[in-house]
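First up is the structure itself, then whatever we jot down about it.
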Protein chains: 2
Amino acid sequence: MSQFQVISLESMRIACRNCSLVNLCLPMGLTPDDVERLDGLIKHNHPLHRGDYLFRRGDHFRSLYIVKTGAVKTFAPSPEGGEQVLGFHLPGEIIGLDAIARACHISSAKVLETSAICEISFAKLETLTAITASLQHQMYRLLSQEIGQNTEMLLLLGRKNAEARLASFLLNLSQRLRRRGLSPSDFYLSMSRHEIGSYLGLAVETVSRVLTRFQDDNMIRVDRKHIELLNFSALMALCDGGGQHRQQQRT
Amino acid sequence: MSQFQVISLESMRIACRNCSLVNLCLPMGLTPDDVERLDGLIKHNHPLHRGDYLFRRGDHFRSLYIVKTGAVKTFAPSPEGGEQVLGFHLPGEIIGLDAIARACHISSAKVLETSAICEISFAKLETLTAITASLQHQMYRLLSQEIGQNTEMLLLLGRKNAEARLASFLLNLSQRLRRRGLSPSDFYLSMSRHEIGSYLGLAVETVSRVLTRFQDDNMIRVDRKHIELLNFSALMALCDGGGQHRQQQRT
DNA sequence: CGCCAAGTTGAACAGTATCAAGAGAAGTGG
DNA sequence: CCACTTCTCTTGATACTGTTCAACTTGGCG
């Protein structure tokens, strides 16, 4: 059902060296020794299953989490019992950076499909980064990158229509999968239409309709959760497709 | 015209000790000596005036900026010459954290009114935080806080109607001004209606209309750029005011 | 086989954007 | 100091995107 499969603890351990934290540090001048120490901090938990929580809003903040395989969503429970999806996290991505400031989680994180997640004690990581300048730099980059990604989302939600949002969403997923060495044009959505809608600020029905429209225009092929991107340039053209109706004028 | 006035370089220097970076560090176990060193990094530039750029998208990243007095907007220039406002920055707030990751600015920053801005070389700051654990911790908190604020914005843009957006915006400004010791219920908007609209994902006309409606309901008093908040609880009630029409159901 | 959740499709409504026009401010130059 | 231009803001009328409500289809699973 999904291309992300847990193989074995040993392969997980190997895979973890590809985690963004370790991975991104390698070219930054870390000695093998440093990498070893960093790797020593990483705790390899048992695989989690659909519906499991990594943490809940309000939980005390202890660790960062890195998705090794599978997918995770973060969301903010809204007053009326609903929930607003804040992000989807694919293999190689870090979860929990927003909790450092308050030392408690401001969002909840739930596993979307069977996933291998590793955990890094933030306290220990902080101690390590304090004595390893290049690792500290890496942490700054990581945090800053997260800010940049949120900024892109703001742009998306601020001034784009439903088609541009879906197109951006699909291309964004595609890009992140490619970075991870997975097919950028053929993948499974582990999240529901409802969750996509929540993430993009659209109603479920709109998500469904727009996907159908994309398929009718031969830009994608949809079969339930299986997505194939057929026409990248057309999708990219839609992304820029400006404001809610036409576009916004100068400020 | 504005309550933010540049007085003198000396008072600026004193004021700078209230900058968030220094300020937030004080309770975190920095020795007076550390504070002194941090303070030494801070460069006090000449006052900037409306329309001046702090930096432009694409500029090489060198420094972080802290608003001492005045106001700054950050924005992403869009292809057709328009611009999407990403944030407004009031006294005590830091600008440029999103640029660390790529070492170049992904947004532009423009001064909205005569402002005193100080500058911190990021390279030097990084060196200092590498040898001062509590300062490193402070930097992590700062970056994480920025992520948290963006997250709030995502919530706002994702599922709120025009009234909720404006109400949240006003209350958010109010809160930030209060934190700074300024009046939380009586202030000037240094940004145009258009800029507010761009920030909130609304048309200028909608901003204008909703403000008028708020005034008609005696929740605020508006006179051009001068705003008085009259009924906080009513505004707060509007903030929760759910989805685009009613509210969103469970995921 | 039948139930239940998830997804799709259709029709009507509603919130905002857009278009258009006018009223103030503010800034410019004589 | 006063026209004149220009920009910002406001207000009204209309159009359109996307939500809402509702019914139906599909797939999963006991």
Side-chain angles (χ1 to χ4, degrees), chain A residues 1-2 50-51 80 82 112-113 156-167 188-216 220-227 238 241-251, chain B residues 1-2 49-51 80 82 84-85 112-113 156-167 188-198 200-216 220-227 238 241-251:
Chain A
M1 40 193 58
S2 160
R50 175 168 182 78
E80 325 85 24
L112 288 171
E113 58 178 304
L156 186 77
L157 293 176
R159 296 234 156 283
K160 289 188 177 178
N161 59 26
E163 293 197 345
R165 292 182 196 200
L166 253 308
Y188 284 84
L189 300 175
S190 48
M191 67 295 285
S192 70
R193 299 284 192 271
H194 192 105
E195 286 162 334
I196 296 173
S198 172
Y199 179 56
L200 297 176
L202 299 170
V204 201
E205 295 92 330
T206 306
V207 174
S208 184
R209 266 186 265 268
V210 173
L211 286 180
T212 306
R213 208 179 308 158
F214 282 179
Q215 177 162 250
D216 291 345
I220 65 174
R221 192 173 299 138
V222 191
D223 174 30
R224 205 141 175 80
K225 290 188 178 300
H226 179 209
I227 298 275
L238 275 180
Q244 195 132 7
H245 296 177
R246 301 284 165 89
Q247 67 222 27
Q248 208 66 8
Q249 58 269 41
R250 60 238 109 37
T251 299
Chain B
M1 40 194 51
S2 159
H49 302 97
R50 175 169 181 80
E80 325 87 22
Q84 159 81 19
V85 174
L112 288 171
E113 58 178 304
L156 185 76
L157 292 176
R159 297 235 155 284
K160 288 189 177 177
N161 59 25
E163 293 198 345
R165 292 181 195 200
L166 253 308
Y188 283 85
L189 299 175
S190 47
M191 68 294 285
S192 70
R193 300 284 193 272
H194 192 107
E195 286 162 334
I196 297 173
S198 172
L200 296 176
L202 300 171
V204 201
E205 295 92 329
T206 305
V207 174
S208 184
R209 267 186 264 268
V210 173
L211 286 179
T212 306
R213 207 180 309 159
F214 282 179
Q215 176 162 248
D216 290 345
I220 66 175
R221 191 172 300 140
V222 191
D223 174 30
R224 202 137 178 81
K225 291 187 177 300
H226 179 210
I227 299 275
L238 275 180
Q244 195 132 12
H245 295 177
R246 301 283 166 90
Q247 67 221 27
Q248 208 65 10
Q249 58 268 43
R250 57 241 111 26
T251 300

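Letters A, B, ... are given to chains in the order of the sequence lines, protein chains preceding strands, and every chain is numbered from 1.
- To the nearest angstrom, C1' of dC9(D) lies 13 Å from CD1 of I227(B).
- Atom CG in D223(B) sits roughly 11 Å away from atom C1' in dA25(C) (whole-Å rounding).
- With sequence neighbours left out, R224(B) forms a side chain to side chain contact (heavy atoms under 4.5 Å, CB included) with no residue at all.
- Over its full length, the helix from dC1(C)-dG30(D) to dG30(C)-dC1(D) turns its helical axis through 40°, comparing axes from the five pairs at each end and rounding to 10°.
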Generate the contact string for nucleotides 4-12 of chain C. Rules: B means base contact, S means sugar-phosphate contact only, - means no protein heavy atom under 4.0 Å.
---SBBBB-

Worked check of side-chain contact (heavy atoms from CB on, under 4.5 Å) between R159(B) and S198(A):
CA-CA 8 Å; R159(B) 297 235 155 284; S198(A) 172; 4.2 Å; yes

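- In this entry the distance linking CZ of R159(B) with P of dT16(C) reads 13 Å, nearest Å.
- In this structure, E195(B) atom CD and dC7(D) atom P are separated by 15 Å, rounded to whole Å.
- Atom P of nucleotide dC9(D) and atom CD of Q215(B) are separated by 15 Å, given to the nearest angstrom.
- Within the 4.5 Å cutoff, the side chain of I227(A) has no heavy atoms near those of the R221(A) side chain.
- Taking atom CZ of R165(A) as the reference point, atom C1' of dG18(D) lies 10 Å away to the nearest angstrom.
- Contact check for L166(A) versus L211(A): side-chain heavy atoms found under the 4.5 Å cut-off.
- A donor-acceptor pair is defined here as one N or O able to donate and one able to accept, closer than 3.5 Å; such a pair exists between the side chain of R165(B) and the backbone of K160(B).
- Side chain of Q215(A) to main chain of V222(A): a donor-acceptor pair is present (N/O by atom type, distance under 3.5 Å, no hydrogens or angles).
- For the pair N161(B) (side chain) and A164(B) (backbone), a donor-acceptor distance under 3.5 Å is present.
- The shortest side-chain heavy-atom distance between E163(A) and F214(A) falls under the 4.5 Å cut-off.
- Proximity of a side-chain donor or acceptor of R193(A) to a complementary backbone N or O of S208(A) within less than 3.5 Å is not detected.
- Here dG18(D) presents its P atom at 12 Å from CG of L200(A), a figure rounded to the nearest Å.
- In this structure, I196(B) atom CD1 and dT8(D) atom P are separated by 13 Å, rounded to whole Å.
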